[in-house]
Amino acid sequence: MAQNFGKGHHLHLIDGSAFIFRAYHALPPLTRKSDGLPVGAVSGFVNMLQRYIEGNTGDDAATHVAVIFDKGSHTFRNDMYDQYKANREAMPEDLRPQIPLTRDATRAFNIACEEIEGFEADDIIATLAHQARDAGGRVTILSSDKDLMQLVGGGVEMLDPMKNKRIDKDGVFEKFGVGPERVVDVQALAGDSVDNVPGAPGIGIKTAALLINEFHSLEELLDRADEITQPKRRQTLIDNRAQIELSKKLVQLDCDMDLPFDLDSLEIRDPDPEPLMAFLADMEFRTVTKRIADKLGVTAPVIEAAPAPDAPQPEEVAFDADAYECVSDAAALQVWIDRIRERGYVAVDTETTSLSEMKAELVGVSLCVEPGQACYIPLIHKAGKADDLFGTDDLEEGQMDLDECLSLLKPVLEDASIIKIGQNMKYDAKIFARLGITVAPIDDTMLMSYAMHAGTHNHGMDILSERYLGHTPIPIKPLLGAGKSAITFDRVPVVDAVKYAAEDADITLRLWQLFKPQLHTKKVTTVYETLERPLVPVLAQMEMHGVKVDRDTLSRMSNAFSQKMAGLEAELYELAGHEFNVQAPAQVGKILFEEMGLEGGKKTKTGQWSTPADALEDLATEHDFPARILDYRQLAKLKSTYTDALQEHINPETGRVHTSYSIAGANTGRLASTDPNLQNIPVRSEEGRRIREAFVAEEGKVLVALDYSQIELRILAHIAGIDALKQAFKDGQDIHAMTASEMFDVPLDEMTPEIRRKAKAINFGVIYGISGFGLARNLRIPRGEAQGFIDRYFERFPGIRDYMDDTVAFAKDHGYVQTLFGRKINTPEINAKGPHAGFAKRAAINAPIQGTAADVIRRAMIRMPAAIEGMPAKMLLQVHDELIFEVEQGAEDKLIAAAKDVMENASVPAVKLDVTLAVDAGTGANWAEAH
DNA sequence: ACGCTCACG
DNA sequence: GACGTACGTGAGCGTA
């Protein structure tokens with residue numbers, strides 16, 4: 001039979017099961033309205049197929065494609081080994097009925113869908129890949145399954161759809177340490193716990209690769225096993241020969257199956273709209289049906305609305321960008337304002353010329369009062385085209401006058417009886433504040449999501465919309481472009497802006513309707529209302545105020561650094577004997593470990609030499625070169641990240657630096673500071689600390705810094721109930737010295753700095769979920785000794801061990817951990833197997849401690865404006881356990897008394913701690929002095 | 001865009 | 001000696 005498939009053709013093989021499981025885990029458990037059939041995974045699967053089809057263009061586009069599925073649970077491998085895949089978890093109940101639907105979905109898209117009883121999908125993929133390769137075509141396998149890596153090579157590649165990463169021969173080598181043709185040999189030795197392939201006990205991928213590379217093949221290795229030098233390894237291979245040979249058969253894919261179809265039958269076909277629409281309508285997917293209908297240029301079928309539920313469901317109204325209204329005069333806006341007053345709430349979104357609120361100009365405002373009913377009010381869109389070099393700055397016709405719009409909106413935005421809903425409302429509130437409007441009261445969908453979902457995903461609008469509304473928002477990129485040719489939003493034509501901007505308000509309103517009741521069922525309403533939402537106006541004020549930074553001080557330091565760096569550079573070239581890029585770790589590593597021949601060099605996972613500071617420090621005791629590299633790096637860091645970059649952030653209008661705090665950035669409840677990050681200004685080194693001298697108080701004022709002393713250890717003492725620690729804090733003792741005394745049986749008056757240093761490291765280690773390895777590395781002591789310290793610590797403070805065990809157990813039970821104030825931090829990875837496991841455990845142990853400390857300072861910040869009202873003082877910055885104020889000279893004592901009181905009592909009345917919270921204060925003309 | 005390195009609590 | 005490890009962040013640089 002003549003076959004057409006050959007050179008120039010490109011076959012895509014999609015691992016269907018992988019798609020299904022990803023779809024299942026990525027989406028909430030959606031059900032079909034009419035009968036409650038679970039369809040979440042089908043919906044995700046359909047979306048992934050649609051996205052795949054849309055993305056299949058360009059040079060890599062497939063000419064042939066098939067989705068390959070497993071069929072039946074019993075395969076020829078079970079006949080060889082009855083334990084094969086025996087420890088697989090059963091398929092979730094609500095996924096099982098969706099499996100056949102994914103086949104239907106594939107066929108509905110007119111994509112070939114293949115499965116064969118008694119074989120795994122991997123075998124079909126292997127056979128097809130070989131056939132296509134032999135015919136001279138290209139093959140891409142869309143999967144991240146390492147079992148398929150044996151197929152790579154000769155025109156066959158893999159594509160990890162999750163990371164969008166192509167895996168070629170080099171990629172396989174990275175994973176297995178051998179080429180694709182020896183992958184099965186390595187797998188046979190290493191075994192696989194997921195598939196329950198036994199392999200050789202005690203041998204993993206690393207050792208297996210070593211052996212195979214030495215003996216060239218598994219067969220030769222087994223025949224010559226007696227030549228292996230390590231006695232234990234030799235015996236293992238001799239004893240387990242049969243098991244290893246069986247393992248190889250289990251992992252070896254069958255690439256020579258008799259297939260009842262040929263490659264030509266997989267040629268790409270356009271979807272047939274009729275059956276596709278019928279399938280989607282049957283699944284009752286409203287949004288995706290409409291989107292695909294638009295793509296295909298057909299009318300979407302009408303999907304019957306579900307029988308009336310108690311509350312209007314957000315997803316009942318399809319998104320329709322053409323339905324949004326462009327408001328261009330006062331009369332039209334008044335209609336919207338009447339509707340807002342009628343309802344008592346409105347979703348608001350602003351469009352501006354910049355992401356930086358202190359520079360951004362308001363370009364337009366969107367409003368939404370009901371799902372699907374949104375408008376956009378364009379204000380200053382320019383008429384000139386973006387690519388028109390002589391583009392005029394004349395305004396486009398049909399826009400509202402800015403002042404007129406604001407004067408109409410102001411009473412609504414400030415009306416105490418109308419809730420203004422936003423996604424990241426701090427941004428919009430600052431834009432309005434600069435225009436004289438104080439937006440209140442507010443709700444914020446980003447913060448609602450953070451209160452419910454911290455730890456599971458981020459809280460940007462795109463991700464929330466996709467996850468919880470099943471709708472992909474219109475992307476901004478095509479409107480603005482990217483890179484150098486990017487334009488600002490005021491250059492976007494009004495017709496396009498309306499669709500994009502109004503949709504954002506629409507999405508925000510729908511998310512609000514969905515999230516609001518969920519806050520109650522997830523029991524985080526109090527967290528949202530007392531720890532998240534009230535922080536918005538407080539942070540907005542701090543950010544707008546900014547901190548004064550002295551440009552001359554920074555500029556002088558930059559120059560001094562430049563000179564020193566030039567000197568060091570010359571010295572380094574001399575030492576190396578040639579010029580090189582001092583800032584490129586790969587080149588530094590090459591000089592150290594190849595040219596100079598130093599020992600102990602490690603490589604990173606990308607195969608480059610690794611040159612972190614601690615490794616260089618060890619080498620610096622013997623050699624000048626690494627010492628000078630360290631000197632250079634410190635200066636380069638200080639100059640580029642601080643003395644140079646900070647100058648760029650001085651706002652020309654205010655002369656101050658305005659950071660932005662993200663409330664929902666860190667999973668634990670901590671804030672994060674960006675643009676610039678003012679939470680990592682140097683302090684630990686003398687040279688770096690001087691940068692804080694550039695953070696100054698205004699003429700006639702001083703800076704005041706107030707910081708919690710040992711707050712995390714105090715919280716640990718409370719949560720874990722460690723009486724000795726509590727007592728020490730009560731007595732105002734040196735906590736690390738006390739720990740050292742307990743552990744090493746040294747009386748306090750005989751304490752040495754060295755012993756205290758060890759105890760301090762252990763105290764911190766405990767907060768981070770201590771491990772012998774980590775402590776050993778930190779203290780640079782042997783691992784056994786470190787483990788000994790930890791054992792001793794747990795012996796003296798048994799409550800700590802209990803806290804750790806209980807916390808991990810709680811996380812495994814509930815999928816989250818909690819702070820003392822009820823903040824939930826989700827721990828989706830806690831039941832993971834493998835290297836992920838330890839990571840998740842330590843994060844779970846740390847989160848309640850770090851998170852409670854974060855809650856405490858949040859409460860203090862929220863109460864601060866009222867406590868210092870009337871004082872000539874402003875709160876400027878937060879650095880996790882520290883607050884920085886600017887206050888008129890003479891008023892500092894009064895401020896310190898008031899602010900300290902708020903901070904020390906921040907936990908009450910919600911939580912009464914067994915330990916007191918102590919706050920240290922400092923003042924000065926600049927931050928270095930105040931700290 | 002991503003990995004490495006390093007600044008902070 | 002199977003694997004990789006202290007917790008939480010953001011920014012600048014080099015390399016692809």
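Throughout, protein chains are lettered first and strands after them, A, B, ... in sequence-line order, and every chain is numbered starting at 1.
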Look at all strands and tell whether [X] reaches a base, only sugar-phosphate, or nothing, counting heavy atoms closer than 4.0 Å.
X: A:L671; result: nothing
X: A:G769; result: nothing
X: A:I203; result: sugar-phosphate
X: A:A615; result: nothing
X: A:L775; result: base
X: A:Q230; result: nothing
X: A:A645; result: sugar-phosphate
X: A:T674; result: sugar-phosphate
X: A:A613; result: sugar-phosphate
X: A:N680; result: base
X: A:R689; result: nothing

Nearest 0.5 Å, please: how far is OG in A:S907 from CD1 in A:I857?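 Those atoms lie 13.5 Å apart.
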Quiz prompt | Distance, nearest 0.5 Å, that separates CG of A:N831 from NZ of A:K841 | solution =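 Output value for this atom pair is 10.0 Å.
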Fill in: Closest-nucleotide ordering on DNA chain C, the 5'-leading residue of A:Q850 and A:T207
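With A:T207 and A:Q850 compared, the 5'-side residue is A:T207.
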By nearest heavy atom, map A:S640 and A:P201 onto DNA chain C; which one lands nearer the 5' end?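 The residue mapped nearer the 5' terminus is A:P201.
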Interatomic distance where [atom1] belongs to [X] and [atom2] belongs to [N] [whole Å]:
X: A:Y632; N: B:dT5; atom1: OH; atom2: C1'; result: 14 Å
X: A:L678; N: C:dG10; atom1: CG; atom2: P; result: 13 Å
X: A:I691; N: C:dG12; atom1: CD1; atom2: C1'; result: 14 Å
X: A:N667; N: B:dG9; atom1: CG; atom2: P; result: 21 Å
X: A:D614; N: B:dC4; atom1: CG; atom2: C1'; result: 13 Å
X: A:D881; N: C:dC7; atom1: CG; atom2: P; result: 19 Å
X: A:K639; N: B:dA7; atom1: NZ; atom2: C1'; result: 17 Å
X: A:K602; N: C:dT5; atom1: NZ; atom2: C1'; result: 14 Å

Euclidean distance for P, B:dG3 against C:dT5 (whole angstrom) =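 14 Å, rounded to whole Å.
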Using atom P in both nucleotides, what's the gap between B:dC6 and C:dA6 to the nearest angstrom?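 The answer is 15 Å between these two P atoms.
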Nearest listed nucleotide, side chain of [X], among [options]:
X: A:N778; options: C:dA6, B:dG9, B:dC6; value: C:dA6
X: A:A672; options: C:dG10, C:dT5, B:dC6; value: C:dG10
X: A:R633; options: B:dT5, C:dT15, C:dA6; value: B:dT5
X: A:V879; options: C:dT9, B:dG9, C:dG14; value: B:dG9
X: A:N581; options: C:dA6, C:dT15, C:dT9; value: C:dT15
X: A:A584; options: C:dG12, B:dC6, C:dT15; value: C:dT15
X: A:R777; options: C:dA6, C:dG14, C:dG10; value: C:dA6
X: A:A843; options: C:dA6, C:dG8, C:dG1; value: C:dG8
X: A:V683; options: B:dC6, B:dC8, C:dG8; value: B:dC8
X: A:S662; options: C:dG10, C:dA2, C:dG12; value: C:dG10

With a cut-off of less than 4.0 Å, is there a side-chain N or O of [X] near OP1 or OP2 of [N]?
X: A:S610; N: B:dT5; value: yes
X: A:T668; N: C:dT9; value: no
X: A:Q634; N: B:dT5; value: no
X: A:R670; N: B:dG9; value: no
X: A:T604; N: B:dG3; value: no
X: A:R842; N: C:dC7; value: yes
X: A:N846; N: C:dA6; value: no

Closest contact, heavy atoms only, A:L775 versus A:A786: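 For A:L775 and A:A786, the tightest heavy-atom pair comes out as CD2-O, 3.8 Å.
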Please check: side-chain N/O of A:T819 versus main-chain N/O of A:P848, any donor-acceptor pairing under 3.5 Å?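 Not at all, since once roles are kept as given, no pair shorter than 3.5 Å links the two residues.
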| task | Could you tell me whether a side-chain N or O of A:N846 sits under 3.5 Å from a main-chain N or O of A:I767, the two making a donor and an acceptor? | result |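 Answer holds: yes.
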* Base paired to B:dC2 (Watson-Crick or G-U; both N/O distances under 3.5 angstrom) ->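 WC or wobble partner is C:dG14.
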- prompt: With both distances under 3.5 angstrom, what nucleotide forms a Watson-Crick or G-U wobble pair with C:dC3?
  reply: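 Result: none.
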Distance-only side-chain donor-acceptor flag, A:H931 / A:E882, under 3.5 Å: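 A:H931 vs A:E882: donor-acceptor pair found between side chains.
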inquiry  = Counting C-beta onward and ignoring hydrogens, is there a side-chain heavy-atom pair between A:T611 and A:R633 closer than 4.5 Å?
reply    =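 Yes. Closest side-chain heavy atoms under 4.5 Å.
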query = Is the A:W609 ring parallel, tilted or perpendicular to the A:F593 ring (thresholds 30°, 60°)?
reply =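 Correct class here is tilted.
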Between the side-chain atoms of A:R684 and the base atoms of B:dG9, is any donor-acceptor pair under 3.5 Å?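 Such a pair is found, so the answer is yes.
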| request: Count the heavy atoms belonging to other residues, nucleotides or ligands that lie under 6.0 Å from NZ of A:K248, then report whether that count exceeds 12. | output: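 Yes - once you tally the heavy atoms of other residues, nucleotides and ligands closer than 6.0 Å, there are more than 12.
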